[in-house]
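Before any comments, here is the structure.
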Amino acid sequence: DYANDADRTYANVKAFLSTPESNTYPFFSVIQGTTVQECLSLARRYDTLGLTHIAIPCDVTCKRTDSFSKMVEARLRIVSSIITSCHFAAIHLLGVSQPEELPLHHHSQRTKLSVDTGSPILNAMNSIRYGGPITLMPKGFSIPFEKALKPEEREIAWYNIAYLRRLTNE
């Protein structure tokens, strides 16, 4: 994908779809654009192609230097617009850095919301544990570089991932 460039991103996805690799595993097509309308237009083009999984970066329509609240507001508008007008099975939120963002998203019965695990792991490496009690623990997957984490960091990483899973009902 190309940051804030919907047309180049779409052209890349179309090119990828013509390769044999596109049929070997599921993939997420990334939403890019400079406005909510441009992002929604790209989502509709993906929907027309029959794609079922999309990903939305934390800074879509924004700059990395923009405030967290501005990025959250932009992504919320985009996710809400896409959920009400497209038919994707899953929307993956790229670069979730604050768990406080997740409860703000509208949860649809037909669209699964998922998040990156990079932030929970990086936070764990800095001894940052997400807040609130937790009961759901992750099952059936492992962190690729888990052995690089110290035991106390590993425990915090699992906790942080489970915390996000609880917020997204994964």
Side-chain angles (χ1 to χ4, degrees), residues 1-62 64 71-72 74-97 99 101-102 104-122 124 136-149 154 157-158 160-170:
D1 67 300
Y2 296 91
N4 296 325
D5 193 333
D7 291 332
R8 277 181 73 190
T9 298
Y10 181 72
N12 250 13
V13 168
K14 286 220 34 166
F16 177 71
L17 288 173
S18 68
T19 67
E21 292 83 7
S22 69
N23 295 317
T24 57
Y25 56 89
F27 64 93
F28 286 80
S29 300
V30 178
I31 297 294
Q32 290 289 356
T34 57
T35 66
V36 172
Q37 277 310 113
E38 189 176 18
C39 292
L40 183 55
S41 174
L42 179 58
R44 287 180 175 144
R45 289 192 278 173
Y46 287 160
D47 203 16
T48 301
L49 290 175
L51 301 177
T52 58
H53 294 70
I54 60 169
I56 304 174
C58 63
D59 59 347
V60 66
T61 74
C62 296
R64 287 269 178 181
M71 287 190 253
V72 167
R75 183 154 60 179
L76 279 170
R77 283 194 305 273
I78 292 163
V79 170
S80 296
S81 297
I82 289 171
I83 284 176
T84 58
S85 62
C86 297
H87 302 91
F88 296 108
I91 296 176
H92 185 74
L93 301 177
L94 293 167
V96 170
S97 60
E101 176 186 359
L102 298 177
L104 303 174
H105 287 280
H106 167 74
H107 293 278
S108 165
Q109 293 296 340
R110 64 178 165 76
T111 305
K112 181 178 179 180
L113 190 66
S114 64
V115 297
D116 274 349
T117 56
S119 174
I121 293 168
L122 291 175
L136 176 65
M137 291 304 293
K139 296 178 190 171
F141 64 93
S142 63
I143 302 168
F145 55 92
E146 183 177 20
K147 289 185 176 38
L149 297 174
R154 189 176 310 138
W158 282 121
N160 289 348
I161 291 168
Y163 186 82
L164 292 182
R165 287 186 69 211
R166 185 183 65 166
L167 292 175
T168 60
N169 296 317
E170 272 190 58

Donor-acceptor pairs under 3.5 Å, side chain of residues 48-61 to any protein atom, not counting sequence neighbours: which ones?
{"unit_1": "T48", "atom_1": "OG1", "unit_2": "R44", "atom_2": "O", "d": "2.9"}
{"unit_1": "D59", "atom_1": "OD2", "unit_2": "R64", "atom_2": "NE", "d": "2.9"}

Does Q32 reach the main-chain N or O of A6 with its side chain, forming a donor-acceptor pair under 3.5 Å? no

The salt bridge (charged side-chain N to carboxylate O under 4.0 Å, His left out) partners of R8 (sequence neighbours excluded) come to none

For S29 and Y46, the nearest pair of non-hydrogen atoms, with its separation, is CB-CE1, 3.5 Å

Parallel, tilted or perpendicular, as decided by the 30° and 60° cut-offs, for the rings of F16 and F27: perpendicular

Roughly how far, to the nearest 0.5 Å, is the OG atom of S81 from the CD1 atom of I31? 11.0 Å

Kindly give the heavy-atom pair with the smallest separation between S22 and L17, and that separation in Å. OG-O, 3.2 Å

Applying side chain to side chain contact (heavy atoms under 4.5 Å, CB included) between C39 and each of V79, I82, I78, report the one that passes. I78

Mind checking what makes salt bridge (charged side-chain N to carboxylate O under 4.0 Å, His left out) contact with D47, not counting sequence neighbours? none

Please list, chain by chain and in numerical order, all residues satisfying side chain to side chain donor-acceptor pair (under 3.5 Å) with T19, sequence neighbours excluded. E21

Quick one, R45 and D7 - any side-chain contact, counting heavy atoms below 4.5 Å? yes

Taking all heavy atoms of G33 and all of N4, pick out the closest pair and write down the distance. O-OD1, 3.1 Å

Name all residues meeting the side chain to side chain donor-acceptor pair (under 3.5 Å) criterion together with D5; count only those two or more places apart in sequence or in a different chain, and write none if there are none. none

Identify the two heavy atoms, one from A124 and one from A157, that lie closest to each other, and give their separation to 0.1 Å. CB-N, 3.3 Å

Sequence neighbours left out, what passes ring pair (Phe, Tyr, Trp, His ring centres under 6.0 Å) with Y10? Give chain and number order. none

For residues L94 and R75, report the shortest heavy-atom separation together with the two atoms involved. O-NH1, 2.8 Å

